[in-house]
Asker: 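Here it is, the structure, as structure tokens.
Chain A is the first sequence line, chain B the second, and so forth, proteins listed ahead of strands; every chain is numbered from 1.
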Amino acid sequence: MTKEKKSKPSKDLPLGFVDRQEKELLVRDFIISNIKEVMIKYGFQYLETPSFEYSDSIGKFLPDKDRPDEGVFSFKDENKWLSLRYDLTAPLARYVAKNYLEIPKPFKRYQLGTVWRNEKPGPGRFREFLQFDADFVGTKSLQADAELCVMISEILEKCGVTKSEYIIKISSRKITEELFKKLNINNNQQKLTALRALDKIDRLGWQGVKELLGEGRKDKSGDFTKGANLSTQNIEIIENELKKKIPKTDDLKEVLKIFKDYNFDNFEFDPSIIRGLEYYTGTIFEVNLKFDVTNNKGQVIQFGSIGGGGRYDNLVNNFGNYDAPATGISIGLDRLVYALTQKKEFKIKQSKPVIICVFDKNLMKEYVGLQTILRKSGISTEIYPGENKLKKQMEYANKIKSPAVILYGEDEIKTGKPTLKNLSSGEEKIIEMKELVYEIKKII
RNA sequence: GCAGCAGUAGCUCAGUUGGUUAGAGCACUAGUUUGUGGAACUAGGGGUCGGUGGUUCGAAUCCACCCUGCUGUACCA
């Protein structure tokens, strides 16, 4: 008999998409519960918006005939383009514009939601991920900007990240803006390229950044990146000015003053923080973890920031004539989860069920009775889901990391006393029915 | 997108200058124990050697193209 050629459906996942397992999800749930607690304390309201929006509602990546998928996942529905949201800020702007007359001003909201980006994934970076956002819309007060930093610190510390393990880096768009003005750098394209270059100090160091501010840079693989073509003189002035790390602008001075009111000092001024280019107008900040994070081969990797934010005073009025200055923060939860699970001290308790072994289908009534007693006492319990030899049932219990099995077969039924087997020690004990709950609680 | 490297079992990988029926460890299945998991032993299943075409008596091995992945880089709201 010859084997028939069959093309089976692929088991592979699309690039950048992953299955997430319980271990990870429990950590995520833990973080989320801390976030919600803090958000309530800070007076933010909870909002959810849909995954899809009309493409032209959520930003600059308008699908066109040539490249409808640039950066976002889009499709044409009837004759309108829809896109999966790529962040939570653009939908917020849309929401505020749509509900402007009803919502309180200023409007404070937080949102947890999956976002999608059609771009190349990297270690710890996926094309589908969960984001947390908190924003103030409709206030120019820098109190808001400062409070966001204080708030994220509280969340991190609640999650077990100690003060020495993270830092908030803060800067303002006005720093580079004023600098460019002073140096008479007016070409918009040049300014954007220069900002992008400055954003890479962490990775490339000043040497690489200076190449990018000038003619350009060749990377390790030999690929060449064009630079901003600034004059050597200007490049030097920029380097000297930024290396001084003096927060000259008024907005920064004020934010730092408010930090003092809050007794918040776990930050540093870092003029190399740039973030989204066309978007932020004032203060910008980034949340960085300082402990080592390793990949699955045990190598320490450059983890970068787990999130950040800043002031975007022009976004909402793109939708209408509302003056809605805003400031906000976004955190990538998956990255935070990944980092947290790497901390040795970090443990989340997983309760696995006690397994009641099935000796005889006809005894099912007894097993259900036992299960009910245990579940009522709050003990996670399951009757072995199937019909198999005891050996199989034990293997199953072992595989799911069950703490104990209950053996209640012919022998035990006679006396009405079940056998309890502790699966980590291997110890077996005949237990009075009355004592069963007590004995199990000792084990789990 | 650009550049470099790589693709052999579910996973990690070996496979000599091209040569019979492509291997190992882990995992999986069955048994050694018809009421006992984690250890050991025995046996077993599982591969279009990424795909297509070419060179050759003969290709996992050489060549071309394509696909996929990894890394760097670009973009990143």
Asker: Establish, yes or no, whether the cationic atom of A:K108 lies under 6.0 Å from the six-membered ring centre of A:F44 and within 45° of the ring axis.
Answerer: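 Flagged: A:K108 positioned over aromatic ring of A:F44.
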Asker: Go ahead and name the base partner of B:A40; Watson-Crick or wobble counts if both distances stay under 3.5 Å, otherwise write none.
Answerer: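 Pairing partner, where one exists within any strand: B:U32.
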Asker: Is the base of B:U36 touched by the side chain of A:K391 through a donor-acceptor pair closer than 3.5 angstrom?
Answerer: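 Side chain to base: no pair below 3.5 Å.
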Asker: I want to verify a distance call: between B:G35, B:G31, B:G72, whose nearest atom is closest to the A:E412 side chain?
Answerer: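 The nucleotide sitting nearest to the side chain is B:G35.
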Asker: May I ask you to check whether A:D133 and A:T89 show a side-chain donor-acceptor distance below 3.5 Å?
Answerer: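 Result is yes, a qualifying pair exists.
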Asker: Considering only atom C1', compute the distance from B:A9 to B:A14 and round it to an integer number of Å.
Answerer: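 Approximately 13 Å lies between the C1' atom of B:A9 and that of B:A14.
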Asker: Looking at B:U36, I'd like to know if its phosphate oxygens (OP1 or OP2) sit under 4.0 Å from a side-chain N or O belonging to A:K392.
Answerer: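 For A:K392, the contact criterion (side-chain N or O under 4.0 Å from OP1 or OP2 of B:U36) is not met.
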Asker: Please classify the nucleic acid contact of A:F359 as base, sugar-phosphate, or nothing, using heavy-atom distances under 4.0 Å.
Answerer: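 Touches a base.
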Asker: Which pair of non-hydrogen atoms, one from A:Y312 and one from A:G328, has the smallest distance, and what is that distance?
Answerer: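 Scanning both residues completely, I find the closest heavy atoms to be CE2-N, 3.7 Å.
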Asker: Within this structure, what is the CD-to-C1' distance between A:E211 and B:A74, rounded to whole angstrom?
Answerer: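 After rounding, the reported distance stands at 16 Å.
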Asker: Between A:E395 and A:K392, is there a salt bridge with N-O shorter than 4.0 Å?
Answerer: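 Salt bridge between A:K392 and A:E395, a charged N being under 4.0 Å from a carboxylate O: yes.
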Asker: Report yes or no: is the ring centroid of A:Y86 under 5.5 Å from the six-membered base ring centroid of B:A77, with the two planes under 30 degrees?
Answerer: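 Per 5.5 Å and 30° rule: yes, stacked.
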Asker: Taking OP1 and OP2 of B:G4, is either one under 4.0 Å from a side-chain nitrogen or oxygen of A:K218?
Answerer: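 Answer no for this pair, as no side-chain N or O of A:K218 is under 4.0 Å from OP1 or OP2.
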Asker: With respect to the phosphate group of B:G72, does any side-chain polar atom (N or O) of A:R217 fall under 4.0 Å of OP1 or OP2?
Answerer: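 Checking B:G72 against A:R217, no side-chain N or O comes under 4.0 Å of OP1 or OP2.
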Asker: Does OP1 or OP2 of B:G72 have a side-chain N or O of A:R203 closer than 4.0 Å?
Answerer: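 Indeed not, no polar side-chain atom of A:R203 lies that close.
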Asker: Is A:R109 close enough and on-axis enough to A:Y95, meaning under 6.0 Å and within 45°, for cation-pi?
Answerer: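 Not flagged: A:R109 not positioned over aromatic ring of A:Y95.
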Asker: OP1 or OP2 of B:C75 versus the side-chain N and O atoms of A:R196: is any pair under 4.0 Å?
Answerer: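 So the side chain of A:R196 is within the cut-off, an N or O lying under 4.0 Å from OP1 or OP2 of B:C75.
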Asker: May I ask which nucleotide in the shown strands pairs with B:G53, Watson-Crick or G-U wobble, both distances under 3.5 Å?
Answerer: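 Across any shown strand, B:G53 pairs with B:C63.
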Asker: When you measure from the centre of the six-membered ring of A:F132, is the NZ or CZ of A:K36 under 6.0 Å away and within 45° of the axis?
Answerer: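 No, a cation-pi geometry is absent between A:K36 and A:F132.
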Asker: For A:Q393, report the nucleic acid contact type (base, sugar-phosphate, nothing); a contact means any heavy atom under 4.0 Å.
Answerer: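 It contacts nothing in the nucleic acid.
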Asker: Looking at residues 432-444 of chain A, who's got a heavy atom less than 4.0 Å off RNA chain B?
Answerer: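 Per residue number, the list is empty: none.
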